[in-house]
Amino acid sequence: MSTAPLLTPPVAVIVGASSGIGAALARRLADDGYRLALVARREDALQAVAESIATAPDEARPRVFPHDVTDYDAIPALFQRILAEMGRLDVFVYTAGVLHPVAPDEYDFAKDRPMLETNLMGAVAWLGQAADYFRTQGEGHIVGVSSVAGDRGRVKNPAYQASKAGLTNYLESLRNRLSRHGVHVLTVKPGFVDTPMLQAAGGGAFWVISPEKAAADIVKAIRKRKQVIYTPPRWRWVMLTLQHMPSFLFRRMSV
């Protein structure tokens, strides 16, 4: 991810680019000279992000592709359309996510289903397309934004944590498959990030970082070809402690 001038600017696709980490990463990559394809469900928010990115000629401006990631059947054709319009692909990012707050005694499939469908199923549908393309190309970067919530099954929000655990595992499998083909796969595990999703989740957040901080950590990790990062980094040690805590103690925690 060099910032040096290139004859052909690199291209990044960001799925979930309408707000939060996705929008911040779009602005960061645009500053680094990337041409961008922005994908998200809310077209008005997506257009606002594209218009906020200062680019020179019209052909370098971010291209917007409204899409609901749970429309799985539409993904292969949309992926090919993006490739045709952008001409190439160097970085693919999946950061779309849904978090519905649930009470400690609540078991509501109507809330659980969209989290699993967006956070995991949508990710698998999109990342599989990118993985096959990069495998054939023999290079490329895949970035999946998971969460510290996927590192262990805690009391709060089982479906959300299951979706992120599944995504983390899927990304590791992609890494093991694709590393032999020259493809880099990065798993990002943020803690609490100041996004609309966090605000909707209610209180209890700490060590809250900005989307811009998360985006900066992601760009740095891509450059260094890191496999897994926590943002902020101190979450790594917290989660290492929790992962090794005996189950009879862990289940007593209210986190």
Can you tell if the side chain of V238 reaches within under 4.5 Å of the side chain of W207, non-hydrogen atoms only? yes
Does the side chain of Q137 pick up a donor-acceptor pair with the side chain of Y133 at under 3.5 Å? yes
Would you say N119's side chain and V98's backbone share a donor-acceptor pair under 3.5 angstrom? yes
If hydrophobic clusters are built from ILVMFWY residues whose side chains come within less than 4.5 Å, do L38 and V93 share one? yes
Taking atom CZ of R177 as the centre, does the number of heavy atoms from other residues, nucleotides or ligands within less than 6.0 Å exceed 12? no
Hphob cluster co-occupancy, V102 + F109, side-chain heavy atoms under 4.5 angstrom: no
If you look at every heavy atom in D108 and A110, which pair is closest and at what distance? OD1-N, 2.9 Å
Is the shortest side-chain heavy-atom distance between D44 and Q47 below 4.5 Å? no
Q227 backbone acceptor or donor facing R175 side chain under 3.5 Å: yes
Lys/Arg-Asp/Glu bridge criterion (N-O < 4.0 Å) met for R27, D31: no
Might you point out which heavy atoms bring V39 and W126 nearest each other, and give the distance in Å? CG1-CZ2, 4.2 Å
Main-chain N/O of A12 paired to R35 side chain as donor or acceptor, under 3.5 Å: no
Where do F134 and L178 land on the side-chain contact (heavy atoms from CB on, under 4.5 Å) test, with the steps shown first? CA-CA 8 Å; F134 285 141; L178 296 173; 5.7 Å; no
So, the side chain of S210 versus the backbone of K213: is there a donor-acceptor pair under 3.5 Å, distance only? yes
Using modelled atom types only, decide if a donor and an acceptor are shared between the side chain of S163 and the backbone of Y160 within a distance under 3.5 Å. yes
Donor-acceptor check, side chain of R180 to backbone of N176, threshold 3.5 angstrom: yes or no? yes
Heavy atoms only: give me the nearest L120-L167 pair and the separation to one decimal. CD1-N, 3.6 Å
V185 to L171 - nearest heavy-atom pair and separation: CG1-O, 3.6 Å
Distance col, row T231:OG1 vs F192:CZ, nearest 0.5 angstrom, shows 13.0 Å
N157 side chain vs H100 backbone, donor-acceptor pair below 3.5 Å: yes
The side chain to side chain contact (heavy atoms under 4.5 Å, CB included) partners of P233 (sequence neighbours excluded) come to none
Can you tell me if H184 uses its side chain to pair, donor with acceptor, with the backbone of K226 under 3.5 Å? yes
Are the side chains of I14 and V91 in touch, meaning some heavy atoms are under 4.5 Å apart? no
Is there a side-chain contact between V13 and I82 in this structure, where contact means two heavy atoms from C-beta onward sitting under 4.5 Å apart? yes
Atom pair CH2 (W237) and CG (L242), whose distance is rounded to the nearest 0.5 Å: 14.0 Å
When every non-hydrogen atom of R88 is compared with those of P10, the smallest separation belongs to NE-CA, 4.5 Å
Inspect the contact between D32 and R223 and indicate whether a charged nitrogen and a carboxylate oxygen are less than 4.0 angstrom apart. yes
Heavy-atom distance under 4.5 Å between the side chains of Y34 and R28, does that happen here? no
Are L174 and V69 connected in a single hydrophobic cluster, I mean Ile/Leu/Val/Met/Phe/Trp/Tyr linked by side-chain heavy atoms less than 4.5 Å apart? yes
What's the spacing between I229 CD1 and T187 OG1 if we round to 0.5 Å? 9.5 Å
Sidechain N-carboxylate O distance under 4.0 Å for E106, K111: yes
Side-chain (Y72) to main-chain (E117) donor-acceptor, under 3.5 angstrom: yes
Strictly distance-based, threshold 3.5 Å: is any side-chain N or O of D90 a donor or acceptor partner for the main-chain N or O of V11? yes
Which distance, rounded to the nearest 0.5 Å, do you find between the CE of M121 and the CZ of R113? 10.0 Å
Criterion side-chain contact (heavy atoms from CB on, under 4.5 Å) on L240 and Q243, from CA distance to verdict: CA-CA 5 Å; L240 183 65; Q243 286 166 354; 4.3 Å; yes
Apply side-chain contact (heavy atoms from CB on, under 4.5 Å) to residues W235 and K189 and explain how you reach the verdict. CA-CA 9 Å; W235 275 105; K189 297 182 179 183; over 6 Å; no
Do T195 and S19 have side chains that get closer than 4.5 Å, going by heavy atoms? no
Polar contact flag, side-chain donor to acceptor under 3.5 angstrom, S146-T168: yes
Spacing of I75 atom CD1 and Q80 atom CD [to the nearest 0.5 Å]: 13.0 Å
S247 meets the side chain to side chain contact (heavy atoms under 4.5 Å, CB included) criterion, sequence neighbours left out, with R152, R251
Interatomic distance, CD1@I218 vs OG1@T95, rounded to 0.5 Å, equals 6.5 Å
Quick check on the hydrophobic clustering: are V15 and V143 connected, directly or via other members, by side-chain heavy-atom contacts under 4.5 Å? no
Any side-chain heavy-atom pair of V228 and L186 under 4.5 Å: no
Considering all heavy atoms of both residues, which atom of G153 and which atom of F250 are nearest to each other, and what is their separation? O-CE2, 3.2 Å
Co-membership, hydrophobic cluster, residues V124 and I142, 4.5 Å side-chain: yes
I would like to know whether I209 and D194 meet side-chain contact (heavy atoms from CB on, under 4.5 Å); could you show each step before the answer? CA-CA 6 Å; I209 63 172; D194 187 12; over 6 Å; no
Taking only residues two or more places apart in sequence or in another chain, which ones pass salt bridge (charged side-chain N to carboxylate O under 4.0 Å, His left out) with R135? D132
Salt bridge (charged side-chain N to carboxylate O under 4.0 Å, His left out) between E85 and R63: does it pass, once the steps are laid out? CA-CA 9 Å; E85 292 193 20; R63 300 197 182 188; 3.5 Å; yes
